[in-house]
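One structure is given here, and the rest of the page talks about it.
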There are 2 protein chains.
Amino acid sequence: MNSPTPPDAVVRAWARLERAHRTAQSTVEARLKKAGLPPLAWYDALLELERADPAGLRPFELQKEMLFAQYNLSRLVDRLEAAGYIARSASEEDGRGQRLTITKSGRAIRRRMWPVYADAITAAVGSRLSESEATTLGDLLGRLYASA
Amino acid sequence: MNSPTPPDAVVRAWARLERAHRTAQSTVEARLKKAGLPPLAWYDALLELERADPAGLRPFELQKEMLFAQYNLSRLVDRLEAAGYIARSASEEDGRGQRLTITKSGRAIRRRMWPVYADAITAAVGSRLSESEATTLGDLLGRLYASA
DNA sequence: TCCATATTGATGCATTTGCATTTATATGAA
DNA sequence: TTCATATAAATGCAAATGCATCAATATGGA
């Protein structure tokens, strides 16, 4: 609520965050699509589920993990289920809730996506920064969403 | 096409680019909305037009500047025009083209948006990084979309 | 000049996102 | 126990995005 103009360096970092993200993002999505694979968000969701307990995740957990809006996650889950990549089952602990688990074919598609995704990450980031630069970048970006 | 897994630091930087962007973006959009102001993209477009020649910009120029898809820009322009913030006129040099200029009320709304936007940038970036960190971040992000 | 090709911008249609609200269950205080 | 409130998840409807394509003009050879 004060609104002194932020320092130039800050505004520049913000603006470039936008641009860099948009550029990298569209590289990745374009390559996935070109390979006839599902979009990035599907990968992320499947990876989270694959990493999770065999018991799976509650939708709201996945939602927080992915920083998705609740209604968007609900629909992403619809699509993943319709595609047969995940299964929904009623939660035992909580009558309101569900539990999501990855299916065999979910694992398979995630595995098939990875090489394409990996190449895209290389194109978008790896080929442009040294490892130590990437580390620095990752650290600084991490600060932008650290809770405190 | 090779697909060796990229170094960890690279994957981490990519993942954090996503998260940081999503977080910062939603902070900014939420604050603009809460203040009853138009979305971020409107600001960007208006700023570009305000910075441009008094003669304005061609849609395709704005499109490149903003890294927007052509059809998205076309519709953004529709909305801005409908809101009275920009004016379209036929291009003199090119019979296919148009020329976009910002209107008085376009300037006004952009000016009204700035304090809210500035605060949001501070919240999302400025309050989390020192100026020199912001500079480093900006430099590294710039590399992610440098043409070469 | 004429034509094949490229560029500018718009648009119909499908998908996705955003918003507001709803349904159902859980929780905690009186 | 009972009720007010909070949380989990879904959904109807509107707005935005993505995709493919189109119409109109430009451009650069043959």
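From a predicted model like this one, the values you see are computed outputs, not experimental measurements. Per chain, numbering begins at 1; letters A, B, ... match sequence-line order.
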Hey, quick one: are B:Tyr71 and B:Phe68 part of the same hydrophobic cluster, counting side-chain heavy atoms closer than 4.5 Å, chains of contacts allowed?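 Per the 4.5 Å side-chain linkage, B:Tyr71 and B:Phe68 are not co-clustered.
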Group every Ile, Leu, Val, Met, Phe, Trp and Tyr by side-chain heavy-atom contacts under 4.5 Å, then state whether B:Trp42 and B:Leu67 land in the same group.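 Result: no, two separate clusters.
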In whole angstrom, give the distance that lies between atom [atom1] of [X] and atom [atom2] of [N].
{"X": "A:Trp42", "N": "C:dT15", "atom1": "CH2", "atom2": "P", "answer": "12 Å"}
{"X": "A:Glu92", "N": "D:dA8", "atom1": "CD", "atom2": "P", "answer": "18 Å"}
{"X": "B:Leu100", "N": "C:dT8", "atom1": "CG", "atom2": "P", "answer": "14 Å"}
{"X": "A:Arg99", "N": "D:dA8", "atom1": "CZ", "atom2": "P", "answer": "13 Å"}
{"X": "A:Arg22", "N": "D:dG18", "atom1": "CZ", "atom2": "P", "answer": "9 Å"}
{"X": "B:Leu57", "N": "C:dG9", "atom1": "CG", "atom2": "C1'", "answer": "15 Å"}
{"X": "A:Met66", "N": "C:dT17", "atom1": "CE", "atom2": "C1'", "answer": "14 Å"}
{"X": "A:Glu93", "N": "D:dA8", "atom1": "CD", "atom2": "C1'", "answer": "12 Å"}

So, is [X] near the phosphate of [N], with a side-chain N or O under 4.0 Å from OP1 or OP2?
{"X": "B:Ser74", "N": "C:dG9", "answer": "no"}
{"X": "B:Arg96", "N": "D:dT27", "answer": "no"}
{"X": "A:Asn72", "N": "C:dG18", "answer": "yes"}
{"X": "A:Arg79", "N": "C:dT17", "answer": "yes"}
{"X": "A:Gln98", "N": "D:dA10", "answer": "yes"}
{"X": "A:Arg58", "N": "D:dT7", "answer": "no"}

Which part of the nucleic acid, if any, lies within contact of B:Arg88, taking any heavy atom under 4.0 Å across all strands shown: a base, the sugar-phosphate backbone alone, or nothing?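 Sugar-phosphate contact only - B:Arg88 comes under 4.0 Å of backbone atoms but never of a base.
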Identify whether any heavy atom of A:Asp78 sits under 4.0 Å from a base atom; if not, whether one sits that close to sugar-phosphate; answer base, sugar-phosphate or nothing.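 Touches nothing.
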Identify, between B:Lys64 and B:Arg75, the residue whose nearest nucleotide on DNA chain C lies closer to the 5' end.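 Final value for this comparison: B:Lys64.
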Could you check which of C:dT8, D:dA6, D:dA20 has an atom nearest any side-chain atom of B:Tyr71?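 Nearest listed nucleotide: D:dA20.
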Picking from C:dG9, D:dA26, C:dA26, which would you name as closest to the side chain of B:Phe60?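 Ranking C:dG9, D:dA26, C:dA26 by closest atom to the B:Phe60 side chain puts C:dG9 first.
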If you count every heavy atom of other residues, nucleotides or ligands that lies below 6.0 Å from B:Arg112 atom CZ, does the total exceed 12?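 Open.
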Tell me which of A:Val77 and A:Lys33 sits closer to the 5' end of DNA chain D, going by the nucleotide each one is nearest to.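 With A:Val77 and A:Lys33 compared, the 5'-side residue is A:Val77.
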Distance in Å, A:Tyr85 OH paired with A:Ile102 CD1, rounded so as to fall on 0.5 Å steps: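 Reported value, rounded in 0.5 Å steps: 10.5 Å.
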Can you list the residues that meet the side chain to side chain donor-acceptor pair (under 3.5 Å) rule with A:Glu81, with sequence neighbours excluded?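 Once residues adjacent in sequence are excluded, the partners of A:Glu81 under the side chain to side chain donor-acceptor pair (under 3.5 Å) criterion are A:Arg88.
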Side chain to side chain contact (heavy atoms under 4.5 Å, CB included) with A:Ala124: which residues, sequence neighbours excluded?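 Once residues adjacent in sequence are excluded, the partners of A:Ala124 under the side chain to side chain contact (heavy atoms under 4.5 Å, CB included) criterion are A:Ala24.
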Is any side-chain N or O of A:Gln70 under 3.5 Å from a base N or O of D:dA8, one able to act as donor and the other as acceptor?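 Donor-acceptor pair under 3.5 Å: no.
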